[in-house]
Structures are given as structure tokens and as C-alpha cells.
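All chains are named by letter (A, B, ...) in the order of the sequence lines, taking the proteins before the strands, and each is independently numbered beginning at 1.
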Amino acid sequence: MKKRRFLLAVLALALAVTAALPSAWAYFTANTTAGGGRTVRLGDRTEITETFANWKKSLVITAEPVTQPLHLRARAYSTYELQYSGADWTQGGDGWWYYNYALANPGDDVAEEAQPAWTRRQSSPLEITIRVEGVPQGTVPEDFDVTVVYETIPVTYHADGSHSSAAEADWTQGQRGGDAG
Amino acid sequence: MKQLRRLLSSPAVTVGAFALAACLLAFSTIGGTRAALTYYSENYVSTVQMHELGVSLVENGAVVATGNAVTSARAARDGEQMSALLGTLILEQSGAAEPASEPFKLGAVYREQLAVHNPKDNGADAAAGAANITQYVRVTIRRYWVKPNGAGGWTKAPELDPDLIELGLAEGNGWVEDADARTRERTVLYYTRPLAPDETTPVFSRTLRIDPSVSATVSRTENGGTVTDTYIYDGAAFQLEVRVDAVQDHNAADAILSAWGRSVLIDADGTLRLD
């Protein structure tokens, strides 16, 4: 009787194993996986330096470490007539002046010469001359107010890998700069 | 025994048992509630591979990964990482390789021609032996973002948009997408023709581009004359992951249903159609 029960148990086990075999062993399969990626670097810190002398404002914007390439534009608002000038600055026809290079600062451990040739760590000065009529020499009118505003926006690239220009940038994404009184 | 019966039939024990049952019922639902809050879960895959079958992933003309029974066993034993994609970035239009020092360019179109190869030499892996079986193949593509986790590793960032990782799929060249398996992160493609030994499929992707709008989401802080812009995607890394599955062509419909869990139809000329 014991022997019969043992045989039945072995038979049941064999049935269970053979029933599972087809799904486990019947088909040849293979697989492989590969993956990779790149880090996106964004982020910037910019600082505006403004000097005022002889009815002229001089504006310089500096990229702090670590700043990814940025386009830069600036303008001033005043009730007085303003005249702009500056090497490497281009009038946009929309009231803004666009810096011809991109601002970038990969960090102190990277020499400025090693940066792409189309980037600078500091802009050249944008000179804004204020024309004030009928005011005595050496005095400043009480309502005198010239506000300078600048904006930056990250550089993007064309499909061929070339960088966009400041004029091509989508400035509608919102102001990314600051102002100085 | 009589005391025990008296105790069990007392109202206090009945009320206590009822309260305990209510508590157990309430706690049993907490697990389900917590599970619903989980955004995604890891996949656990178990497979059995045979020496006679191998499959390779080809990136821009070069084999980047080969799978067979030997490589799978080795990977499981040694804890090997998956093979690397995007080792060299090539600009699609010029064909020029970007130096590793160059930052990844948002908006630029990079070449990412991916195909599947049936390796007759099993990836030149002598231990794996020759692969000599015609096969059907499918690829599972995953696009997602990861962020540094502060412990030197990376953590998946499901809140970042995988649609901004634009993989330009090749259409009309023998690959068909399984729309039922599509998610924002995952795309599953089946090659509709049997792949003979030493044969390579047409490419199933051509290009890779990161939408430059990743630079649009920003918060700004001002401190004196210094303006700091913080971007949501700054420091995040996009990830492209491709898994290739191969199965024997003999009795293919049943084999695919068994191995991949997908019902397909195989025409008399060997063409695979999704059921």
C-alpha cells in the first residue's frame, strides 16, 4: 500500500514537471539591452554693472561661473532723448540693442580662451548718452530718471548644430534679466 | 472549558471581536490606497536563452550590444551594466562627430540610426557558438529623464516630459508599432519580416533631438545686481534605452505569444501582423 502511494506521488510530480516544460523550454529566445544619455546643462548668473558720468550711462553685463551660453539684449527707458553706441552691439529696430556675442562662463577651471569663439564672459560696454537741453552744467534735474533693462535667454541650436543668433532667439519666453535705475 | 465557553459567549468578547474585524478591514485597504499613489513600478524580467540564438543592436552602423545565453549568464553573474548608447554624437546634417568636450546642443539633430542584426557569429563570442536560426525581432524603446539623487547616483524623474526627447522613428520600412503597448515613455516596434542569420533590419530610428523648450521653464531670483535663473531641466539627463527581443521563426505565432505575450498572425510568406 505504501509503495502504491509512493508511486502515485512520483507520478503526480512527473506530470506536474512535464506539464510545465513546454512553456519553459519550447522556444529559442534571446535579448539584449543598451542605453545611454547626456546631461542637459542650463542655468545662469549674470550681473549688471552701470556707471554714470557726463550724462552718459555705461552698461556692462558679466556672466558668473557657471553660466551656460546666453543671448543678451538691453535698452533704457526715459523721458529724455537717448543715444546708444557700443562695439559689438547691434540695434534691433524694436527698441532693443542686441549683443553680438553670447555670454558664457563654464567656470574658473576653464580658461576663457578655451570657450567657444562666439562667447564672452563679459559684454563690451553699451553706452547710453542722455541728451538734456537747458540744464545748467553740473546740475541734475529733479525728475531725472533713466532706467536700464537687460534680458538674457539661453542659446539654442539649429538642426545642423550651429548656434542661433540673438535676433533669432524667442524672446517671448519672458524676461530673464534685471534692471538698474 | 465551561469558563472558556462562557467567556467566548459574553457580549464584551463579541464587541471586541467586531472591533478587531473592523480594524483589520480598515488596515487592509491602506495597502491598496498607498499602491495607487505610486507613479511607476520597476519591471522584473526573467528569460531563458539558448546558445543557438543571438541578437545584436546596431547604432550608426556599429554593433553596441549582443545578447545570447552566454552574455545573459555573464551579466547576471557579474552584475554587468547595460551596453552604452550615444557614446559618440554625430550631427545628422554634416556627419561630423561632436567632441566629447562639447555640451549637448538643444535643438540640434543628431544621427541615431538604430537597427537589429541577427549575428551569425553570435557577436564573435566563441563561448556562445554559432547562431544559425532565423528569428523574429521586436524592440522596446524607453525615453525618460533622470536626476542626480545626491548620493552619486541617478533617480528617475517621471515629472519631466519624455516627449521632449524626440527620437525620429523611421516609417514604412518593415517596422510596425504596437499601439496597444504605447505609453509616453515606451514605444514597442515589431519587425514584420523574418530575420535570417547575418541579416540586418532596416533602421527603425534615424535621428535624436532634444526639444529646446526644455530651457523655457525657469524661476528667477534677484540679489542686488545679480540675477540667478534656475531651470527645471538643469542637471537632468535624458535617457534612451533600447531592448531587443528575438524569438525563433519556427512555430512563430505560438513562440511569440509564449515568449512576449503578444498575439500575432504569421502569413504564408512569413509576414508578421499584429493581431
Could you grab the distance from atom OG1 of A/Thr29 to atom CD1 of B/Ile133, nearest 0.5 Å is fine? 10.5 Å
Using a cut-off of under 4.5 Å for heavy-atom pairs, which of B/Ala246, B/Gly107, B/Pro148 has the most such pairs with chain A? B/Ala246
Check whether B/Leu89 gets within reach of chain A through its side chain, its backbone, both or neither, counting any heavy atom under 4.5 Å. both
So which atom in B/Gln93 and which in A/Ala159 form the shortest heavy-atom distance, rounded to 0.1 Å? NE2-CB, 3.6 Å
Between atom CZ of A/Arg41 and atom CZ of B/Phe104, what is the distance when rounded to the nearest 0.5 Å? 13.5 Å
Value for CZ (A/Phe28) from CD (B/Gln135), rounded to nearest 0.5 Å, stands at 12.5 Å
OG of A/Ser162 to NZ of B/Lys105, rounded to nearest 0.5 Å, is 8.0 Å
Taking all non-hydrogen atoms of both residues, which atom of A/Thr156 and which atom of B/Ser215 are closest, and how far apart? CG2-OG, 4.4 Å
Which one wins on heavy-atom pair count under 4.5 Å against chain A: B/Leu57, B/Val139, B/Leu86, B/Leu85? B/Leu85
What closest approach, in Å, do A/Thr33 and B/Arg243 show between heavy atoms, and which atom pair accounts for it? OG1-CG, 3.5 Å
Which of the residues B/Val109, B/Ile165, B/Val146 is involved in the greatest number of heavy-atom pairs with chain A at under 4.5 angstrom? B/Val109
NE2 of B/His250: more than 12 outside heavy atoms within 6.0 angstrom? no
What is the distance from atom OH of A/Tyr27 to atom CH2 of B/Trp260, rounded to the nearest 0.5 Å? 13.0 Å
Considering non-hydrogen atoms only, spot the tightest contact between B/Ala65 and A/Thr32 and give its length. CB-OG1, 3.4 Å
Taking every non-hydrogen pair under 4.5 Å, which of B/Ala252, B/Gly87, B/Ala259, B/Ala236 racks up the most with chain A? B/Ala236
Can you tell me which portion of B/Ala255 sits under 4.5 Å from chain A's heavy atoms? Options are side chain, backbone, both or neither. both
Where on B/Glu92 is there a heavy atom nearer than 4.5 Å to chain A: the side chain, the backbone, both, or neither? neither
Top contributor to chain A interface from B/Ala96, B/Ser94, B/Gly235 [non-hydrogen pairs under 4.5 Å]: B/Gly235
Side-chain heavy-atom pair A/Asn31, B/Asp245 within 4.5 angstrom cut-off: yes
Do A/Leu42 and B/Ile232 have side chains that approach each other closer than 4.5 Å (heavy atoms only, starting at C-beta)? no
Using 0.5 Å steps for rounding, measure from the CH2 atom of B/Trp154 to the OG1 atom of A/Thr39. 4.0 Å
Contacting region of B/Leu106 [heavy-atom separation from chain A under 4.5 Å]: both
Taking all non-hydrogen atoms of both residues, which atom of B/Gly67 and which atom of A/Ala30 are closest, and how far apart? O-CB, 3.8 Å
Who wins among A/Thr67, A/Val40, A/Thr62 for the most heavy-atom pairs under 4.5 Å with chain B? A/Val40
